[in-house]
Amino acid sequence: KVLTGIDAASLWAAGFGLAMIPFAIITGYLASGDTASDPQAVNKMILSGLCTGLWIGFIYGRMTLGPGLWNHRRLAVVQTVIAFLAINVTYLLGSIGGLLARGETIMDIFPFFPHFESAPEIGTFVSVVLMLVGLATMLVVIYLQPKPQRMAE
C-alpha cells in the first residue's frame with residue numbers, strides 16, 4: 001500500500017513539475033531582460049527543453065507500462081535514472097533562475113556545480129535541423145515503434 005502511494009505521488013509530482021516548466025521559462029525570460037545576449041538565459045532555455053523531455057519520458061514510461069514497471073529490475077532502474085536526471089535538471093533550472101533574478105543561488109555551495117557564464121552558439125540552420133531531428137524521432141516513437149504492453153502488478 002505504501003509503494004502504491006509513493007508511485008502515485010511520483011506521477012503527481014512529475015506532472016506538476018512538467019506543468020511548471022513554462023512558468024520557469026517565462027520568469028527566466030523576464031528576469032534576464034535581453035534573452036538573446038544573456039548566456040545564462042540561453043542555457044536556461046536549453047535546459048528547459050531537456051527537462052521537459054525527461055519529465056515526459058518519465059510520465060510516458062510509467063503510464064504506458066503501468067505500475068508493474070517497478071517489479072522488473074531493469075525497467076525500474078531505467079525509470080529511476082530518468083527521474084534522477086529530471087530532478088537534477090530541475091534543480092539546475094531553479095539555480096539559473098536564482099542567478100538571473102538575484103545573482104546568487106543555493107547551488108553555489110557545491111564545488112561541482114556547473115557555472116553557465118557561456119552558452120553554446122548554434123545558428124538558425126542547425127537549430128532547424130535539430131528541431132526536425134527531434135520531430136522525426138518523436139514521430140517514430142509514437143507511430144512506428146511497437147506499442148508497449150501494460151504490466152500486471
Side-chain angles (χ1 to χ4, degrees), residues 1-32 35 39-116 119-120 122 127 129-153:
K1 190 146 179 104
V2 171
L3 294 177
T4 304
I6 291 172
D7 181 50
S10 72
L11 276 175
W12 278 101
F16 181 75
L18 184 61
M20 292 298 114
I21 291 173
F23 294 107
I25 293 170
I26 292 168
T27 56
Y29 177 77
L30 294 174
S32 68
T35 308
Q40 291 175 340
V42 171
N43 283 314
K44 185 172 175 113
M45 298 304 158
I46 292 170
L47 288 174
S48 296
L50 177 63
C51 190
T52 301
L54 288 167
W55 282 125
I56 288 173
F58 178 83
I59 294 169
Y60 179 78
R62 170 51 187 78
M63 295 304 290
T64 56
L65 296 174
L69 159 89
W70 301 111
N71 297 331
H72 300 274
R73 184 174 177 85
R74 287 183 182 166
L75 291 173
V77 167
V78 169
Q79 190 76 349
T80 302
V81 167
I82 291 171
F84 178 77
L85 291 173
I87 289 168
N88 283 309
V89 173
T90 304
Y91 289 155
L92 286 175
L93 281 176
S95 294
I96 293 172
L99 285 171
L100 289 171
R102 296 183 314 274
E104 63 184 8
T105 176
I106 190 74
M107 299 296 274
D108 284 340
I109 62 173
F110 297 114
F112 52 85
F113 178 71
H115 295 281
F116 297 101
I122 56 175
S127 298
V129 168
L130 289 174
M131 183 188 74
L132 292 175
V133 167
L135 182 63
T137 305
M138 185 176 68
L139 292 174
V140 165
V141 168
I142 293 173
Y143 294 110
L144 299 179
Q145 186 178 20
K147 302 294 182 219
Q149 301 287 327
R150 273 187 83 78
M151 298 178 175
E153 289 185 55

Would you name the heavy atoms of C51 and A86 that are closest together and state the gap between them?
SG-O, 4.2 Å

Any pair counted as salt bridge (charged side-chain N to carboxylate O under 4.0 Å, His left out), so long as it reaches residues 76-91, sequence neighbours left out
none

Derivation of the side chain to side chain contact (heavy atoms under 4.5 Å, CB included) call for L50 and L54
CA-CA 6 Å; L50 177 63; L54 288 167; 4.1 Å; yes

Residues in side-chain contact (heavy atoms from CB on, under 4.5 Å) with V2, at least two apart?
I6

With sequence neighbours left out, what residues match T90 under side-chain hydrogen bond (donor to acceptor under 3.5 Å, both in side chains)?
W55

Excluding sequence neighbours, so at least two apart, what forms side-chain contact (heavy atoms from CB on, under 4.5 Å) with D7?
S10, R62, P67, W70

Side-chain polar contacts of residues 16-26 - donor-acceptor pairs under 3.5 angstrom, sequence neighbours left out - could you list them?
none

Side chains of residues 73-82: which donor-acceptor partners sit under 3.5 Å, not counting sequence neighbours?
| unit_1 | atom_1 | unit_2 | atom_2 | d |
| --- | --- | --- | --- | --- |
| Q79 | NE2 | F58 | O | 2.8 |
| T80 | OG1 | A76 | O | 2.7 |

